**Student:** 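I have a structure I would like to understand better, so I am pasting it below and will then ask my questions one at a time.
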Amino acid sequence: MAPANPSAPPTEKTYFEQQRELLLGDVAASLENVLQNLNRLNRNLESVISVGNEFGQVEGLWSQFENVMAKEPEREE
């Protein structure tokens with residue numbers, strides 16, 4: 001409800017409104033914290049993936065070596 005006189009000072013907030021503002025502030029701070037943690041997690045996952053990708057060539061070489069060693073030697077008659 002709007003005050004009858006717009007130049008009058010605003011009325012004090014009720015207890016409910018004060019508590020609501022405190023809770024909204026807490027929720028906003030918590031969401032900001034969650035966002036920061038998600039960004040940190042994303043950066044860490046990107047780091048892990050990049051390190052894992054560096055081992056791709058080594059894995060390929062070991063796989064080829066394993067395939068060569070697994071073949072039975074050909075017998076000459």
Side-chain angles (χ1 to χ4, degrees):
M1 180 176 219
N5 185 357
S7 63
T11 59
E12 288 189 26
K13 295 179 181 179
T14 64
Y15 178 76
F16 171 78
E17 291 172 332
Q18 292 171 355
Q19 292 301 308
R20 182 178 63 185
E21 286 185 4
L22 287 174
L23 287 174
L24 287 175
D26 287 346
V27 168
S30 296
L31 287 176
E32 181 65 28
N33 192 18
V34 167
L35 180 61
Q36 289 174 357
N37 288 334
L38 284 173
N39 287 335
R40 186 178 307 141
L41 175 63
N42 188 35
R43 286 191 301 273
N44 288 339
L45 288 174
E46 287 174 352
S47 297
V48 167
I49 289 170
S50 67
V51 168
N53 288 340
E54 292 176 6
F55 289 102
Q57 292 179 340
V58 174
E59 186 273 333
L61 288 174
W62 276 108
S63 180
Q64 289 178 355
F65 176 74
E66 181 183 25
N67 290 337
V68 167
M69 296 304 290
K71 290 182 182 177
E72 291 186 21
E74 296 178 12
R75 297 183 184 180
E76 292 184 15
E77 293 185 28

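The model shown is predicted, which means the values in this text are computed figures rather than measured ones. Heavy-atom basis, side chains included; hydrogens, waters and symmetry copies ignored.
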**Student:** Nearest 0.5 angstrom please: N42 CG to R40 CZ, how far?
**Tutor:** 12.5 Å
**Student:** Roughly how far apart are E32 CD and N37 CG, rounded to 0.5 Å?
**Tutor:** 10.0 Å
**Student:** Give the table of side-chain donor-acceptor pairs shorter than 3.5 Å for residues 14-25, with sequence neighbours excluded, one pair per line with atom names and distance.
**Tutor:**
{"residue": "T14", "atom": "OG1", "partner": "E17", "partner atom": "N", "Å": "3.2"}
{"residue": "E17", "atom": "OE1", "partner": "T14", "partner atom": "N", "Å": "3.1"}
{"residue": "Q18", "atom": "NE2", "partner": "K13", "partner atom": "O", "Å": "3.4"}
{"residue": "E21", "atom": "OE1", "partner": "K13", "partner atom": "NZ", "Å": "3.0"}
{"residue": "E21", "atom": "OE2", "partner": "K13", "partner atom": "NZ", "Å": "2.4"}

**Student:** Quick check for you: to the nearest 0.5 Å, what is the distance between D26 atom CG and L31 atom CG?
**Tutor:** 11.0 Å
**Student:** Can you name the residues that form a side-chain hydrogen bond (donor to acceptor under 3.5 Å, both in side chains) with R43, not counting sequence neighbours?
**Tutor:** none
**Student:** Enumerate donor-acceptor pairs with a distance under 3.5 Å from any side-chain N or O in residues 52-69 to protein atoms, sequence neighbours excluded.
**Tutor:**
{"residue": "N53", "atom": "ND2", "partner": "I49", "partner atom": "O", "Å": "3.4"}
{"residue": "N67", "atom": "ND2", "partner": "S63", "partner atom": "O", "Å": "3.3"}

**Student:** Could you walk me through whether N39 and L35 satisfy the side-chain contact (heavy atoms from CB on, under 4.5 Å) test, starting with their C-alpha distance in whole Å, then the side-chain angles of each, then the deciding distance to 0.1 Å, before giving a yes or no?
**Tutor:** CA-CA 6 Å; N39 287 335; L35 180 61; 4.1 Å; yes
